[in-house]
Amino acid sequence: MTTATTTELRRSIGSAKFGIEAHEAPPDEFPAQPSQKEGLGRMCKPHWNQYTNALRKAALARKASEGEAPEPEPVAEPTRKRPKRTPKAVTPEAGAQVDAG
């Protein structure tokens, strides 16, 4: 009796543009992607990170070559807090009955 343990592998598509080779990888190396078939992404996690990093660098390089300076993120001015109001002490009017209790 022979038992063969075959681990099911999934194809990672890679990216020719950024030099990422397509390859086989275990399904647990793929990020969850509910909209995709079988609920997994098309690239393994390490190559997905490499791909998105390359996309970001390409976009920055494209903006630099077009002469656009990268837009700094807007910094919101701190909101000034109003001083807390202290409740006024309630004093009974002259002649009012006060609970002596």
Side-chain angles (χ1 to χ4, degrees):
M1 179 175 173
T2 58
T3 58
T5 55
T6 57
T7 305
E8 187 177 323
L9 296 177
R10 183 175 168 85
R11 186 93 176 140
S12 180
I13 63 171
S15 171
K17 182 175 182 178
F18 297 113
I20 301 170
E21 295 286 327
H23 63 94
E24 301 287 328
D28 61 333
E29 287 192 20
F30 289 81
Q33 186 70 26
S35 63
Q36 294 294 321
K37 183 180 177 182
E38 300 173 6
L40 296 173
R42 295 181 179 183
M43 276 190 201
C44 62
K45 288 177 189 176
H47 286 136
W48 177 253
N49 291 339
Q50 181 182 350
Y51 176 72
T52 55
N53 192 25
L55 283 175
R56 182 183 59 80
K57 287 180 179 179
L60 290 174
R62 185 175 57 249
K63 284 184 180 180
S65 69
E66 292 173 357
E68 292 182 32
E71 294 181 22
E73 293 188 24
V75 178
E77 291 185 26
T79 57
R80 297 178 187 244
K81 293 184 177 180
R82 288 192 259 163
K84 291 186 177 181
R85 293 184 178 184
T86 56
K88 293 183 180 179
V90 179
T91 55
E93 294 179 16
Q97 292 184 358
V98 179
D99 184 20

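- In terms of heavy atoms, C44 sits closest to P31 at C-CD, 4.4 Å.
- Using a 4.0 Å cut-off between charged side-chain N and carboxylate O, R10 and E24 make no salt bridge.
- Atom CG of D28 and atom NZ of K45 lie 7.5 Å apart (nearest 0.5 Å).
- With side-chain heavy atoms closer than 4.5 Å counting as contact, directly or through intermediates, the hydrophobic cluster containing F30 also holds L40.
- Of the residues H23, E29, R42, E21, the one that meets the side chain to side chain contact (heavy atoms under 4.5 Å, CB included) test with H47 is H23.
- Membership of the apolar cluster around I20 extends to I13, F18, M43, W48, Y51, L55, as traced through chained side-chain contacts below 4.5 Å between ILVMFWY residues.
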